[in-house]
Amino acid sequence: MTKTGLTRRQALGLAGAALTAPILATPARAQAGAHVVVVGGGFGGTAAARAMRRIMPEVAVTLVTDAPTFTTCPFSNLVIGGLRDMSEIRFSYDALHNDGVTVRLDPAVALDPAGRTVTLQSGDKLSYDRAIVSPGVDFRYEALPGVGPEVAERLPHAWKAGAQTILLRDLIRSMPQGGTVIIAPPDNPFRCPPGPYERASLIASYLSRHNPTAKIVIVDGKDKFSKQGLFMEGWQALYPGMIDFVPFSEHGGLKGIDADARRIETFFGDFKGDVINLIPPQQAAAIVLDAGLGGSGLWCEIDGLTFEAREAAHVHVIGDAAIVGDMPKSGFAAATQGKACAHAVAALLAGREPQRGILMNTCYSFVGPEYGISVAGVYRSAPDTNRLVSLPGAGGTSAAGDLPELRRDEANYARGWYANLTQELFGA
Amino acid sequence: MTCPDLDRVHHGVFAIIASVLASAGIAGAADGPRSVTVEACTTCHGPGGISHGTMPTIAGMDSETLAEVLLAFRDGSLESTVMGRLVGPLSDEDIAGIAAYFAALPGADQ
Ligand SMILES: Cc1cc2nc3c(=O)[nH]c(=O)nc-3n(C[C@H](O)[C@H](O)[C@H](O)COP(=O)(O)OP(=O)(O)OC[C@H]3O[C@@H](n4cnc5c(N)ncnc54)[C@H](O)[C@@H]3O)c2cc1C
């Protein structure tokens with residue numbers, strides 16, 4: 001500084017101009033008439049489609065999805081707890097139309113990586129230069145003893161938001177005084193690792209107001225869960241004695257499910273509930289596995305720099321359907337990946353090297369309406385393997401202990417996160 | 001974080017930012033990765049850095065102030081709920097680049 005004789009402000013101003021120029025003023029040129037097809041209008045897909053139009057406006061983008069509106073799983077636990085209305089977590093694709101994205105409400109039934117086409121239910125076939133696929137998860141009812149998908153009408157999963165969310169909420173509302181809610185989460189990996197425990201918390205919040213002698217029993221497919229210490233601390237503070245966590249090692253796994261009797265049989269005993277929230281094990285959505293993108297597994301392996309499927313060129317898979325290195329299956333992660341993937345696809349279409357940027361995730365959970373906790377992570381693809389690895393010196397959970405101000409702030413930030421991300425995905 | 005307490009930012013930080021921003025300017029041509037990195041910020045701070053919720057709007061913020069705040073989160077001199085857990089791996093150049101990027105975007109009232 002002293003050498004150049006610039007004041008601090010002058011130096012900053014100059015640096016700002018020099019830095020900004022390359023970011024803002026070099027829109028990459030795509031090959032003429034390039035077409036990107038995005039499959040799935042959820043967190044990853046809408047983020048990718050909008051970012052694609054913003055980064056490379058000359059590229060035609062088609063978003064293929066299966067319903068006229070999207071209901072977010074994030075904040076659906078608040079609906080179940082009676083703290084938000086369904087209309088507040090449902091969004092239309094109008095803003096994507098206005099961005100110039102062609103939205104097709106016509107589910108993809110086949111993806112052909114060799115022919116570079118996506119076939120829709122109507123029979124229409126879309127050709128693509130690059131496909132970005134973010135269809136989320138499917139449930140593996142075949143991995144549960146003696147039940148099929150129809151069991152969800154009586155023992156709702158509410159793990160895809162919509163009618164299932166309302167069903168679970170209403171079953172809890174009409175439960176007898178002193179009744180028991182059983183939540184049965186699967187083993188890892190599954191969509192939203194802290195989700196079942198946020199759900200237990202917000203059901204407890206509802207019950208403590210309307211059914212204070214009721215109980216919640218979590219019959220878990222694993223022994224440990226995300227943010228466990230913080231959740232348990234919060235349960236003790238807000239709902240002492242209401243939530244009972246039964247780890248896998250204490251029940252030994254599910255042996256039978258009696259939907260009529262609302263009973264779960266395990267190897268070490270039975271659990272009888274008035275309401276059962278049965279969350280099945282999961283796998284990548286059918287469109288991904290049917291196209292062979294899962295290899296011999298249940299999820300799609302990808303390259304962490306470009307998100308291109310290991311099993312197929314020109315197909316990029318993001319969000320819950322993929323194994324994205326150390327990143328969790330969250331809406332935040334899917335949206336961040338969608339944007340990073342759009343940058344990579346733009347670079348590839350323009351014949352440039354994709355850039356190795358930093359990705360982030362923060363999963364907020366509500367333990368109570370004004371009691372928030374979080375877990376964060378920061379990721380970059382490793383230069384040798386392109387695996388998206390968690391970077392040291394970052395991430396981790398909120399501090400433990402009796403910190404009411406921090407909990408209140410994090411509940412406020414959770415609401416801020418939701419407002420801003422849904423604005424980015426669906427807002428004008 | 002909604003209103004960073006700049007008095008608590010260590011004084012030495014000012015010198016660092018100036019040199020960071022100056023040197024990052026020279027290296028500015030190589031800042032491609034940052035176009036990916038800034039996308040992580042808007043997931044919480046709102047599209048284009050304009051917030052519709054609790055988090056502060058960062059678009060149109062003075063680059064110097066933004067860089068100071070990020071550096072203070074990184075060295076722990078400014079307390080936060082989440083930011084301190086996110087900025088650790090950011091290099092001085094990343095911070096300068098992010099600050100310059102959002103400073104150049106139109107703010108909420110523009
Ligand atoms: C109860 C609960 C709470 C959660 N809370 C949070 C939270 O607080 N924060 C957070 O970050 N994450 C949270 N999550 C996780 C988050 O919902 C997912 O990680 C996120 O939705 C993943 O995004 P995605 O794009 O992979 O899939 P989705 O968002 O599910 O989008 C996929 C879309 O593609 C559609 N689709 C599927 N197949 C096809 C096809 N063949 N053709 C056309 N369309 C298709 C689907 O119907 C869906 O609309 C929560 C999840 C649950 C269940």
Side-chain angles (χ1 to χ4, degrees), chain A residues 1 4 6 8-9 11-24 47 51 55 332 335-336 339-340 343-344 347 352-362 372 374 376-378 380 391-398 406 409-410 412-413 415-421 423-424 427, chain B residues 1-2 14-15 17-48 50-56 62-64 67 74 80-90 93-94 96-101 103-105:
Chain A
M1 300 311 313
T4 63
L6 290 177
R8 180 164 56 100
R9 190 169 286 276
L12 291 163
L14 287 174
L19 270 170
T20 310
I23 299 174
L24 297 177
I55 298 162
F332 190 125
T336 310
K339 292 184 280 178
H343 280 280
R352 285 190 287 109
E353 279 288 300
Q355 300 293 334
R356 210 178 290 280
I358 286 176
L359 282 77
M360 295 182 184
N361 177 63
T362 305
S374 64
V378 183
R380 186 165 39 211
L391 297 178
T397 58
S398 322
L406 177 66
D409 284 351
E410 289 219 279
N412 281 327
Y413 284 120
R415 287 186 280 264
W417 164 77
Y418 185 79
N420 279 328
L421 180 53
Q423 181 69 27
E424 188 169 45
Chain B
M1 285 107 353
T2 23
F14 288 86
I17 303 161
S19 64
V20 162
L21 283 176
S23 64
I26 296 158
D31 67 351
R34 231 161 276 133
S35 61
V36 174
T37 305
V38 293
E39 300 282 8
C41 309
T42 61
T43 311
C44 283
H45 287 274
I50 294 178
S51 180
H52 299 254
T54 333
M55 287 76 170
D62 176 46
S63 66
E64 164 185 355
R74 196 181 62 182
S80 64
T81 55
V82 166
M83 285 304 295
R85 288 181 267 153
L86 296 175
V87 295
L90 297 181
E93 289 74 20
D94 288 331
I98 290 168
Y101 174 81
L105 293 180

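The sequence lines fix the lettering, A, B, ..., with proteins before strands; numbering per chain opens at 1. As a basis for the values below, the full set of heavy atoms in this structure was taken, side chains included, without hydrogen atoms, waters or symmetry mates.
- Between A:Asn361 and B:Leu86 the shortest heavy-atom distance is O-CD2, 4.2 Å.
- Scored by the side-chain contact (heavy atoms from CB on, under 4.5 Å) test, A:Ser374 finds A:Thr362, A:Tyr364, A:Ser398, A:Glu410, B:Val82, B:Arg85 as partners (sequence neighbours excluded).
- Between B:Thr37 and A:Ile358, the shortest heavy-atom contact is OG1-N, 3.0 Å.
- In this structure, a donor-acceptor pair under 3.5 Å is absent between the side chains of B:Ser35 and A:Gln355.
- Partners of A:Arg356 by salt bridge (Lys or Arg N to Asp or Glu O under 4.0 Å), not counting sequence neighbours: none found.
- With chain B as partner, the option from A:Gly395, A:Gly377, A:Ala419 having the largest number of non-hydrogen pairs under 4.5 angstrom is A:Gly395.
- Pairing each heavy atom of A:Trp417 with each of B:Thr43, the nearest pair is CD1-O, 3.7 Å.
- Heavy-atom distances place the backbone of A:Pro392, and not its side chain, under 4.5 Å from chain B.
- Residue with the most contacts toward chain B among A:Lys339, A:Arg415, A:Met360: A:Lys339 (heavy-atom pairs, distance under 4.5 Å).
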For this session: Go through the steps to decide whether B:Cys44 and A:Tyr413 satisfy the test side chain to side chain contact (heavy atoms under 4.5 Å, CB included), and finish with yes or no.
Result: CA-CA 9 Å; B:Cys44 283; A:Tyr413 284 120; over 6 Å; no
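- Annotation: maximal heavy-atom pairing with chain B below 4.5 Å, among A:Gln423, A:Glu353, A:Arg380, occurs at A:Gln423.
- Formation of a donor-acceptor pair under 3.5 Å by the A:Asn420 side chain with backbone atoms of B:Ser51 is not found in this model.
- Considering all non-hydrogen atoms of both residues, A:Gly393 and B:Pro89 come closest at O-CD, 4.2 Å.
- The closest side-chain heavy-atom distance from A:Glu424 to B:Thr42 is below 4.5 Å.
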